[in-house]
Each structure stands twice: as C-alpha cells, then as structure tokens.
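Read the numbers this way: they start at 1 and go in the same order the structure lists the ligands and their atoms.
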Amino acid sequence: MRIDVFTIFPALIDGFCGESLLGKARTGGLLDLRLHDPRDQTTDVHRTIDDQPFGGGAGMVMKAEPLFAAVEAAQPPRPLFVLGPGGRRFDQRMAEELAAGEGFSLICGRYEGIDHRVREHLADGELSIGDVVLNGGEVAACLVVEAVVRLLPGAMGNHASPVHESFGQHGLLEEPQYTRPAEFRGWPVPEVLRGGDHARIQRWRTAQALHRTIRYRPDLIEARGGLSETDRRLLEEFPSLTYP
Ligand code: SAH
C-alpha cells in the first residue's frame, strides 16, 4: 500500500515508521511510505511556508502554494486528507475502510493551521484523531498510518487476528489479559483462566469485556442496541474485576 504524507518535519514520521512492525512493513514492501516536505517547493530564499492570518489574530497559517505544489509534484494516492481537529473523527471503522483500499495521503498542519483553500480545493476531506489539539499533524499521521497498516494482511507477523480486539466484531472493549507468573506480589490471576474449561473461559472473557465497556464506554453498549438477555446472564455469572 502506498501512503504519502506531506509534512515540514518528515524526520519525525520517518523515525516512527522505521521501527518495529511498521519498519518491517516498509522494508518488506507491504508499505510504500513517501514523505514530502512542502518547504522543498518554496521559491523564496527563506523557504517560507507560513504567513500571517488574514483578518488578524495570533499565530501563523500554512500557505497554500507550497502544499499545492508538493501535492501536484507527487501525484499522491487518493483520498487525500488534511489532518486537523475540525475533521471527521478517525476510528477503527475508518482504519478498516482505508486498509481495504489501494492507498491514501495525509497533509500535516503546523502553527494555527492550514489555509482553508487547501482543505476546499486540494484535499478530499479532513481527519481528526480526537478532541485534543496537537502542535502539528505528525503524531496524528503516525497514528493513522499505524492503525491502517497493522490491518494489512501479513503486517502483524505472528500476532493474532485484529478481529478479536477492542472495537472488533463484537463492538466491545477487550477484556483484561494476564501472563505468567500466576501470582505476583500476592495478586493472583483469576482462577477461571488457570483452569482448562474453555467454554467457561470464553464466557468469562465476554463478561469482562462487557463490564469494562459498560464502565468506560457506555456509548458502545448503546451502539450495539443495549444489553441482551445473554449479556445480563454473563454479567451475573462473573463479577467485574476492579478498576481503581
Ligand atoms: N488552530 C487550530 C489548531 C491547529 S493545531 C484549531 O484550533 O482547530 C496545528 C496542526 O496540528 C493542525 O493544522 C493539524 O494538522 C494538527 N492537529 C492538531 N490537533 C489535531 C487533531 N486532533 N487531529 C489531527 N490533527 C491535529
């Protein structure tokens, strides 16, 4: 999959995407990540990519010309998204949509943001990674790239299928997990996980996923249409773990 990112700090993204599974996806040819610096498209001696906002106000705005020139030179795969807190909220479903496609591209803003003509006449949409404000789009771009590329067949190595994770098919947060030792500082691993009753383990896992989702993401329970009779029975069979 080809992914193009437009950023004035390409090293930030290159570093992050050069390690671990993303790095392997790149060297293995699964991910063709191309970074473009709009500063390379400037024509003045100061390589200016920002200017004061029309109408006044604090901070600087990224200029349209270098971004248009960078995109026109690169001919990046579409859809092309601007990253910004004012966009559509990026989520697992959108990661799945992008992973099913041929590729996509991202434009990282800095300063107060980007000249709106980039959003209006160059990009296909705007993506936000959540209700927070960052200094620039680079961390957001890394987040989107990682969430999408790990869904590509072969990107996870021996790791289990992403279907059973949080926000996966059952629409719940994932249940808590444990590994050895069975007892650590006097805190034991739940007894059911140490036995061999796989049906009971499965019921425990679903119950804990339900408890956790009810507590932290009641909106996800609502999105599934509330609790079923089976859900209620599971919640009664297994009490919630503690979440201080
Ligand atoms: N003044 C803007 C924030 C600019 S932050 C506002 O109030 O909406 C500077 C840049 O950081 C943005 O152009 C964008 O590319 C990036 N950024 C900040 N928060 C982001 C978020 N939640 N999602 C995606 N990108 C974000």
Protein contact to [atom] [nearest heavy atom, distance to 0.1 Å]:
atom                    : answer
atom 13 (O) of ligand 1 : Gly109 CA, 3.4 Å
atom 20 (C) of ligand 1 : Pro85 CD, 3.6 Å
atom 2 (C) of ligand 1  : Glu112 O, 3.3 Å
atom 22 (N) of ligand 1 : Val132 O, 2.8 Å
atom 23 (N) of ligand 1 : Ile129 N, 3.1 Å

Within a distance under 4.0 Å of any heavy atom of [X], pick out the atoms of ligand 1 and give their elements.
X      : answer
Ala140 : 24 (C), 25 (N)
Leu127 : 24 (C)
Gly136 : 10 (C), 11 (O), 16 (C)
Tyr111 : 4 (C), 5 (S), 9 (C)
Gly113 : 13 (O)
Gly130 : 22 (N)
Gly137 : 11 (O), 15 (O), 16 (C)

Inter-residue atom distance Thr206.OG1 - Leu172.CG, 0.5 Å rounding: 8.0 Å
Here the gap from Arg110 atom CZ to Glu138 atom CD, rounded to the nearest 0.5 Å, amounts to 4.0 Å
Could you report the tightest heavy-atom contact between [X] and [Y], atom names first, then the distance?
X      : Y      : value
Ala209 : Glu175 : N-CB, 3.9 Å
Leu67  : Lys63  : CD1-O, 3.9 Å
Pro218 : Tyr216 : CD-C, 3.5 Å
Ala74  : Asp4   : CB-OD2, 4.2 Å
Val82  : Ala123 : CG2-CB, 3.6 Å
Pro79  : Asp124 : CA-OD2, 3.2 Å

Using a plain distance cutoff, I'd like to know if Gly84 has any nitrogen or oxygen under 3.5 Å from a nitrogen or oxygen of ligand 1. yes
Checking the N or O distance criterion of under 3.5 Å, is ligand 1 in contact with Leu83? yes
Got Leu22 and Leu31 here, is their nearest side-chain heavy-atom distance under 4.5 Å? yes
Using protein heavy atoms only, decide if any is under 4.0 Å from atom 7 (O) of ligand 1. no
Determine, using heavy atoms of Phe90 and all atoms of ligand 1, whether some pair is separated by less than 4.0 Å. no
From the list Leu106, Val149, Ile3, side chain to side chain contact (heavy atoms under 4.5 Å, CB included) with Val144 holds only for Leu106
To atom 19 (N) of ligand 1, the nearest of Leu134, Ile107, Val61 on a heavy-atom basis is Leu134
The residue among Arg119, Arg88, Arg89 that forms salt bridge (charged side-chain N to carboxylate O under 4.0 Å, His left out) with Glu126 is Arg119
